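These notes concern the structure reproduced below.
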Protein chains: 2
Amino acid sequence: MHSGSKDDLTTKARIRQAAVDCFAREGFSVSVRAISEHAGVSPGLIIHHFGSKARLRGECDAHVRRFIAGIKTETVEGFSGTSMLQQLAEVEQYASVLGYVVRSLQSGGALAADLFELTVEDVERFLAVGEEAGTIAPSRAPAARARYLTSSSLGSLMLHTTLHHPGHTPDFRRVVQEWIAEYMFPALESYTEPVFTDRTLLDTCTPREGGTGDTGGGAGAGTG
Amino acid sequence: MHSGSKDDLTTKARIRQAAVDCFAREGFSVSVRAISEHAGVSPGLIIHHFGSKARLRGECDAHVRRFIAGIKTETVEGFSGTSMLQQLAEVEQYASVLGYVVRSLQSGGALAADLFELTVEDVERFLAVGEEAGTIAPSRAPAARARYLTSSSLGSLMLHTTLHHPGHTPDFRRVVQEWIAEYMFPALESYTEPVFTDRTLLDTCTPREGGTGDTGGGAGAGTG
DNA sequence: CAGCAAGCTGAACACGCGTTTAGCGTATTG
DNA sequence: CAATACGCTAAACGCGTGTTCAGCTTGCTG
């Protein structure tokens, strides 16, 4: 037994890679048989190595999680979520990982929530750095702002993917490029020249804690 | 034979309504048997009336499409997408339709693209009205801005749904309430007090065109 | 009333799915 | 060399799916 993570040429690692590719391209409902065909093995071998499709998914999640954590520590700290996505999109090898992330965000689950929280933290740190440098305006609720910006950005990317690339998506680098090309300017404009000229709307919304004070589910949007 | 579309108490209409409910709550992968159980009929009857599950889905799409069009003409013109969603969320009967819309946006397809374009038009009109009234600042690319605002809003709502309510979602009104409670203030703030204090980023991005201008892969930057 | 069409059902069919199982080939090992 | 263990495959199993089919009611119609 070669115990997986040492060789990258192990059959088990090859299966995992094929699974990440297939999950990214076709979504998590892709069949075990399709993955096995992509990996050049029999369907039974996948179960033999991973126990079940769910556990295979779990190991893929962990792999992607480690992969992204590796990228983050590799590069300089203080990266925005979008920049990370761009970086992911540029390198060919990263394409499947990026696709996997988007699929994960589309389907929910533990990895999705994990990555979202991770990105929120990054964005918050990035904004704080910018604020100190003077390029980013301070906010009355920095944590909530970082959360909102992350949610709208990732959500927009998700929506763009589902709308313009239904079914299996062959090339996620192109998707991200399209997305940037379409939304970069209006986003930059909206966050540089304020959309609302009237402050009434903002002042109406009580700025005490970041929420509207509704008792609804404790989203905990306030201070992080 | 009651000839379908006249009575709303027709079995066929009841099946359609049950299908909309199930699709909204459990997603489009819900089984025909589950729908039939919810409607109090046999699975075969669904096929007998609609031919196939795909055609049932098609009729549900059309029904929701008509429903939303009805709401829009019913209310005053010039509604933002968010307001429409809010309105949808408030009335109990609309809950399943709202859920259906979100599911549709999650899965892609013709209805999703249709509704998205429809909302973009609404938002653009809404912004134009506000601009004329002086509450909304003019944009160098109004169409692109409306598109961006729509995409980020709907995308954020989608992401919130998938992250915080995986699997079947019983009450979409609450989801929207949570979403508003969490993101209303930071969104308002970000669009009233500019996030970027430096105009350099915006000026770097060439503002040449109004539509979906491809500004190409510009330099990476902040999350909006 | 007889007959026929339509609403409707319960059982069955064909298929794809994840998973199991029996067995093959091969390499390490006592 | 014989034995054991492991990587691996082909075939099959059980299940859930969308769909079909034969037949039962029911109500309109000539």
Side-chain angles (χ1 to χ4, degrees), chain A residues 1-62 100 103-104 107 109 166-168, chain B residues 1-62 100 103-104 107 109 166-168:
Chain A
M1 193 197 306
H2 290 268
S3 82
S5 62
K6 243 202 278 191
D7 311 39
D8 252 348
L9 298 173
T10 316
T11 306
K12 188 173 177 180
R14 223 176 59 237
I15 292 176
R16 175 162 45 68
Q17 188 55 50
V20 171
D21 288 350
C22 288
F23 283 146
R25 213 171 343 170
E26 319 242 8
F28 293 111
S29 60
V30 72
S31 67
V32 171
R33 284 171 174 84
I35 297 173
S36 76
E37 197 169 344
H38 193 74
V41 299
S42 70
L45 189 60
I46 294 183
I47 305 297
H48 174 247
H49 274 307
F50 295 91
S52 69
K53 186 187 181 181
R55 277 212 283 273
L56 169 63
R57 164 85 191 272
E59 293 215 17
C60 287
D61 277 13
Y100 194 97
R103 294 288 183 196
S104 188
S107 311
H168 37 115
Chain B
M1 184 190 343
H2 289 270
S3 82
S5 63
K6 246 201 276 194
D7 311 38
D8 251 348
L9 299 173
T10 316
T11 306
K12 187 173 178 179
R14 223 177 58 238
I15 292 176
R16 175 162 45 68
Q17 188 55 50
V20 170
D21 288 350
C22 289
F23 282 145
R25 211 171 342 167
E26 319 241 7
F28 293 112
S29 59
V30 71
S31 67
V32 171
R33 282 172 175 84
I35 297 173
S36 75
E37 198 170 344
H38 193 74
V41 298
S42 70
L45 189 60
I46 294 183
I47 304 298
H48 174 247
H49 275 307
F50 295 91
S52 70
K53 187 187 180 182
R55 277 212 282 273
L56 170 63
R57 163 86 190 272
E59 292 214 18
C60 288
D61 278 12
Y100 194 97
R103 294 286 183 197
S104 188
S107 311
H168 36 115

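It should be emphasised that the depicted structure is a prediction, and the values quoted were computed from it without experimental measurement. Every chain is numbered from 1, with letters handed out A, B, ... down the list of sequences.
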* Reckon A/Ser31 has a side-chain N or O less than 4.0 Å from the OP1 or OP2 of C/dG16? -> no

* To do: Determine: side-chain N/O of A/His49 to OP1/OP2 of D/dC8, distance under 4.0 Å, yes or no.
  => yes

* Structure fact -> Between A/His48 and B/Ile47, the residue closer to the 5' end of DNA chain D by nearest nucleotide is A/His48

* Give a yes or no on whether the backbone of A/Ala13 and the side-chain of A/Thr10 come within a donor-acceptor separation of less than 3.5 Å. => no

* Asked: Checking only heavy atoms, does the side chain of A/Arg33 share a donor-acceptor pair with the base of C/dG18 at less than 3.5 Å?
  -> yes

Quickly work out the [X] [atom1] to [N] [atom2] distance and round it to whole Å.
{"X": "B/Ile46", "N": "C/dG7", "atom1": "CD1", "atom2": "P", "answer": "15 Å"}
{"X": "A/Lys12", "N": "D/dC6", "atom1": "NZ", "atom2": "P", "answer": "14 Å"}
{"X": "B/Glu37", "N": "D/dG16", "atom1": "CD", "atom2": "C1'", "answer": "14 Å"}
{"X": "B/Ile35", "N": "D/dT17", "atom1": "CD1", "atom2": "C1'", "answer": "12 Å"}
{"X": "B/Leu45", "N": "D/dC24", "atom1": "CG", "atom2": "P", "answer": "18 Å"}
{"X": "A/Phe50", "N": "C/dG18", "atom1": "CZ", "atom2": "C1'", "answer": "15 Å"}

* **Of the listed nucleotides D/dG7, D/dG18, C/dC8, the one nearest the side chain of B/Val32** => D/dG18

* Looking only at side-chain atoms of A/Lys53, point me to the closest of D/dT9, D/dC8, C/dG18. => C/dG18

* Asked: Which of parallel (below 30°), tilted (30 to 60°) and perpendicular (above 60°) describes B/Phe28 and B/Tyr100?
  -> perpendicular

* **side chain to side chain contact (heavy atoms under 4.5 Å, CB included) partner of A/Ile35, chosen from A/Val20, A/Asp21, A/Ile46** => A/Ile46

* When you look at A/Arg16 and A/His49, which way does the side-chain contact (heavy atoms from CB on, under 4.5 Å) test go after all the steps? -> CA-CA 10 Å; A/Arg16 175 162 45 68; A/His49 274 307; over 6 Å; no

